[in-house]
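Structure, as structure tokens:
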Amino acid sequence: IVNQSIFIDVSNNTIDAKDVFAGSLAGYSSTRISDCYSAGSVDVRINGSYISGAVGGIVGRCSSIKNCYNLGGVRLSKTSNSFEDVGGVAGGGKAYNCYNVGRVSFHDLSGVEERAGITTSGDSYNYYLDVSVLADEGLDSTLCGVGTSLTSSQMMQKNSYVGFDFEDEWYIEENGQYPYPQLVKVPFVSVENKKEFAGGSGTYFDPYIISTQDHLNNVRNYMGAYYK
């Protein structure tokens, strides 16, 4: 999933909603999701009280997710008494052999400081997070919640991923365009967005390039992406 932007704006005054789930692949899944990645952005704004749910880069909430990774930005803005779970790969659910290098931002519009859900709210087994993503957002690495924080350099090293199957499931291409682990079944493909920007795919390592006023105006369509 690349160059896809999902934007959801929910207000008690405009929609009767109690549960909101959002992700680039699925909002909610009762079955396991496996062998996929996302480079699309997810932007959810909740203006209301007692609205629950989950937001994730690939899926909002699922029973489990395995052998997946997220590169796209995940952004949740909310008022008080609403929502709890936001994560890079999944907002809620069990994560197995996954990692996230996408920007994750969690804004409480009421000004309340919260620590919940920077990665996932659920059991995690071999879930890794690029701590540089949190640093860019001004967040402390202790907010990572569920998962293991690594530096960008560590994220590029095979021996950092304990539990990953680098024989049949994963591989790292030396001196390749993509520096992180890729799936054998679904190799990473970089798709530049030259229609709305001068280039780039909007990811942490390949940001959108802004060179005109029109490019700058298009930033609002991809609030969770990276730019230069």
Rounded to the nearest 0.5 Å, what separates atom [atom1] in [X] from atom [atom2] in [Y]?
X      : Y      : atom1 : atom2 : answer
Arg32  : Ser63  : CZ    : OG    : 7.5 Å
Asn193 : Asn218 : CG    : CG    : 8.0 Å
Ile65  : Cys36  : CD1   : SG    : 5.5 Å
Asp168 : Asn67  : CG    : CG    : 10.5 Å
Leu216 : Phe197 : CG    : CZ    : 9.0 Å
Lys195 : Asp214 : NZ    : CG    : 13.0 Å

Side-chain ([X]) to main-chain ([Y]) donor-acceptor, under 3.5 angstrom:
X      : Y      : value
Ser24  : Gly57  : yes
Gln182 : Phe188 : yes
Ser160 : Gln154 : yes

Identified side-chain contact (heavy atoms from CB on, under 4.5 Å) counterpart of Pro181 within the set Tyr99, Tyr171, Tyr128: Tyr99

Ignoring hydrogens, what is the shortest heavy-atom contact between [X] and [Y]? Give both atom names and the distance.
X      : Y      : result
Ile58  : Ser38  : CG1-CB, 3.9 Å
His215 : Glu196 : CD2-O, 3.1 Å
Gly53  : Arg61  : O-NH2, 3.6 Å
Asp35  : Lys185 : OD2-NZ, 3.8 Å
Asn126 : Phe164 : O-CE1, 3.4 Å
Val42  : Ala22  : CG1-CB, 4.3 Å

Measuring only between side-chain heavy atoms, which start at C-beta, is [X] closer than 4.5 Å to [Y]?
X      : Y      : result
Ile210 : Val219 : yes
Leu183 : Tyr69  : yes
Tyr96  : Tyr127 : no
Ile209 : Lys228 : yes
Val59  : Leu25  : no

Taking only residues two or more places apart in sequence or in another chain, which ones pass ring-ring contact (aromatic ring centres under 6.0 Å, His included) with Tyr28?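 Phe21.
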
Verify side chain to side chain contact (heavy atoms under 4.5 Å, CB included) between Val101 and Asn70, making sure each step is shown before the conclusion. CA-CA 6 Å; Val101 293; Asn70 176 63; over 6 Å; no

Between Tyr180 and Tyr178, how do the two ring planes meet: parallel, tilted or perpendicular, split at 30° and 60°?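 Rings of Tyr180 and Tyr178: perpendicular, as their planes differ by over 60°.
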
Name the orientation class of the two ring planes belonging to Tyr227 and Tyr208 (parallel below 30°, tilted from 30 to 60°, perpendicular beyond 60°). tilted

Have Asp165 and Trp170 got a donor and an acceptor in their side chains that come within less than 3.5 Å? no

Looking only at side chains, do Asp130 and Ser152 share a donor and an acceptor under 3.5 Å apart?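 Distance-only check passes for Asp130 and Ser152.
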
Test of understanding: clusters of I, L, V, M, F, W, Y form through side-chain heavy atoms closer than 4.5 Å, transitively. Do Val184 and Tyr37 belong to the same one? no

Kindly write out the residues that satisfy salt bridge (charged side-chain N to carboxylate O under 4.0 Å, His left out) with Lys194, not counting sequence neighbours, or none if the list is empty.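 So Lys194 forms a salt bridge (charged side-chain N to carboxylate O under 4.0 Å, His left out) with Glu192.
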
